[in-house]
Asks: 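Got a structure for you, questions after.
Computed over heavy atoms, backbone and side chain alike; hydrogens, waters and symmetry mates excluded. The structure displayed is predicted, hence computed values, not measured ones.
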Amino acid sequence: PAPPAGGPPPQLTITKERLGRGLFRYTTGAGSYDSLVVEFRDYIMMLEAGQNQARAQLYVDEIKRQFPDKPIRYVMNTHPHSDHTGGLPVLVAEGATIITQENNRVFFESALNTPRTLLDDALSRNPRPARVEGVGEKRVYTDGTRTVEFYHISPAPHSNGLIVAYFPQEKILFQGDFSVNPAQGGGMQPANDHVRALVPALEKLGLDYERYINVHASAAPQTKADVMAA
């Protein structure tokens with residue numbers, strides 16, 4: 001049931017899915033903005049910041065419980081739309097460096113390093129400079145055991161600053177707003193223009209993925225076959 005008018009928002013609860021060794025999907029269920037949590041030898045990388053500060057803080061707190069001896073060094077942003085940036089102040093306040101497409105770098109450096117005198121968020125309460133690393137067409141982070149690859153998807157009508165993440169060992173693709181949706185009665189709904197732009201880009205890159213994970217939580221796990229059906 002919906003909370004009473006003016007009452008507190010419903011409490012979020014994390015469910016974790018283990019995708020591989022040191023690789024987890026954090027979700028809060030229907031309506032969630034999911035994040036992937038990646039364990040490297042000396043640090044943690046978080047992919048996407050959870051949409052808003054409440055979910056971002058929930059995910060950060062859980063990461064600290066799960067990996068108490070490793071700092072969150074990086075947070076990846078798929079693109080700079082507001083529903084994908086609202087949780088970033090929490091991660092910057094933790095000391096995480098933002099990984100984003102190069103076209104977004106100046107925007108994030110300017111927006112997050114401006115004096116925050118009218119805001120009451122994690123970064124205004126714990127000020128620190130925002131650090132940003134830009135992805136051109138491709139960037140790889142690895143410690144010799146764990147590898148994450150980031151790719152610029154262009155041209156795409158949704159944004160000129162879109163990146164996806166690929167895990168070659170697990171054959172997982174993680175992406176922001178390229179949603180494919182089930183059709184009533186079975187099968188998939190026809191793909192929108194964003195997905196129609198994504199597929200040829202992935203084919204050109206030659207990414208051999210099997211699992212297809214969206215930041216916007218899907219009701220059931222999705223695969224490359226679902227994308228192609230759409």
Asks: In Å and rounded to the nearest 0.5 Å, what is the OG to CG distance from Ser159 to Asn103?
Replies: 8.0 Å
Asks: Are any side-chain N or O atoms of Arg105 and backbone N or O atoms of Thr100, one a donor and one an acceptor, separated by less than 3.5 Å?
Replies: no
Asks: Apart from Tyr43 itself, what residues make up its hydrophobic cluster, given side-chain heavy atom links below 4.5 Å?
Replies: Leu19, Leu23, Tyr33, Leu36, Val38, Phe40, Met45, Leu47, Tyr74, Met76, Ile99, Val135, Tyr141, Val148, Phe150, Ile163, Phe167, Ile172, Phe174, Ile213, Val215
Asks: List the residues meeting salt bridge (charged side-chain N to carboxylate O under 4.0 Å, His left out) with Lys64, not counting sequence neighbours, and say none if there are none.
Replies: Glu94
Asks: Return each pair, listed once, that meets salt bridge (charged side-chain N to carboxylate O under 4.0 Å, His left out) where at least one residue sits in residues 188-206; pairs must be two or more places apart or across chains.
Replies: none
Asks: Would you check if there is a donor-acceptor pair between the side chains of His84 and Gln51 at a distance under 3.5 Å?
Replies: no
Asks: Shortest non-hydrogen contact from Pro155 to Ala197?
Replies: O-CB, 3.7 Å
Asks: Are Leu173 and Val140 linked, directly or through other ILVMFWY residues, by side chains that come within less than 4.5 angstrom of each other?
Replies: no
Asks: Kindly indicate whether the side chain of Leu162, heavy atoms from C-beta on, has any atom under 4.5 Å from the side chain of Ser154.
Replies: no
Asks: Quick check: does any side chain N or O of Asn52 sit under 3.5 Å from a backbone N or O of Gly86, one acting as donor and the other as acceptor?
Replies: no
Asks: For His152, give me all partners under ring-ring contact (aromatic ring centres under 6.0 Å, His included), at least two apart in sequence or on another chain.
Replies: none
Asks: Looking only at non-hydrogen atoms, find the nearest pair between Asn77 and Pro80 and report the distance.
Replies: OD1-N, 3.8 Å
Asks: Roughly how far, to the nearest 0.5 Å, is OH of Tyr151 from CD of Gln101?
Replies: 14.5 Å
Asks: Could you verify whether a donor N or O on one side chain and an acceptor N or O on the other, from Asn160 and His79, lie under 3.5 Å apart?
Replies: no
Asks: Starting from Ile63, walk the hydrophobic network (Ile, Leu, Val, Met, Phe, Trp, Tyr; side-chain heavy atoms closer than 4.5 Å) and list everyone else you reach, by chain and number.
Replies: Leu12, Ile14, Phe24, Tyr26, Val37, Ile44, Met46, Leu58, Tyr59, Val60, Phe67, Ile72, Val75, Leu88, Val90, Leu91, Val92, Ile98, Phe107, Phe108, Leu112, Leu123, Val132
Asks: Just checking, any donor-acceptor pair under 3.5 angstrom between side chains of Thr28 and Arg55?
Replies: yes
Asks: Kindly indicate, with the supporting measurements, whether the criterion side-chain hydrogen bond (donor to acceptor under 3.5 Å, both in side chains) is fulfilled by His194 and Asp177.
Replies: CA-CA 8 Å; His194 311 321; Asp177 277 353; over 6 Å; no
Asks: Can you name the residues that form a salt bridge (charged side-chain N to carboxylate O under 4.0 Å, His left out) with Asp121, not counting sequence neighbours?
Replies: Arg116
Asks: Quick one: salt bridge (charged side-chain N to carboxylate O under 4.0 Å, His left out) pairs with a partner in residues 141-156, sequence neighbours left out?
Replies: Arg146-Glu170
Asks: With sequence neighbours left out, what residues match Arg73 under salt bridge (charged side-chain N to carboxylate O under 4.0 Å, His left out)?
Replies: none
Asks: Taking Asn126 for the side chain and Ala93 for the main chain, is one N or O donor matched with an acceptor at less than 3.5 Å?
Replies: yes
Asks: Just by distance, do the side chain of Gln175 and the backbone of Tyr212 share a donor-acceptor pair under 3.5 Å?
Replies: no
Asks: Give every residue pair that meets the salt bridge (charged side-chain N to carboxylate O under 4.0 Å, His left out) criterion with at least one member in residues 27-40, sequence neighbours excluded.
Replies: Arg25-Asp34, Glu39-Lys70
Asks: Determine which pairs satisfy salt bridge (charged side-chain N to carboxylate O under 4.0 Å, His left out) with at least one residue from residues 152-161, sequence neighbours left out, and list them in order.
Replies: none
Asks: Any non-hydrogen side-chain atom of Arg131 less than 4.5 Å from a side-chain atom of Glu109?
Replies: no
Asks: Do any N or O atoms from the side chain of Asp226 and from the backbone of Thr223 form a donor-acceptor pair under 3.5 angstrom?
Replies: yes
Asks: As a quick check of understanding, evaluate side-chain hydrogen bond (donor to acceptor under 3.5 Å, both in side chains) for Thr78 and Glu48, giving each step before the final call.
Replies: CA-CA 7 Å; Thr78 58; Glu48 279 282 314; 2.8 Å; yes
Asks: Could you tell me which non-hydrogen atom of Ser35 sits nearest to which non-hydrogen atom of Gly50, and how far apart they are?
Replies: OG-N, 3.7 Å
Asks: Assess, by modelled atom type and distance only, whether the side chains of Glu17 and Thr27 contain a donor and an acceptor separated by less than 3.5 Å.
Replies: no
Asks: Just list the side-chain donor-acceptor pairs under 3.5 Å for residues 178-190, sequence neighbours left out, or say none.
Replies:
{"from": "Ser179", "atom 1": "OG", "to": "Asn214", "atom 2": "ND2", "distance (Å)": "2.7"}
{"from": "Gln189", "atom 1": "NE2", "to": "Pro182", "atom 2": "O", "distance (Å)": "3.2"}

Asks: Mind checking salt bridge (charged side-chain N to carboxylate O under 4.0 Å, His left out) for Arg125 and listing every partner two or more places apart, or none if nothing turns up?
Replies: Asp120
Asks: Give a yes/no verdict on a cation-pi contact between Lys224 and Tyr209, requiring under 6.0 Å between NZ or CZ and the six-membered ring centre and an angle within 45° of the axis.
Replies: yes
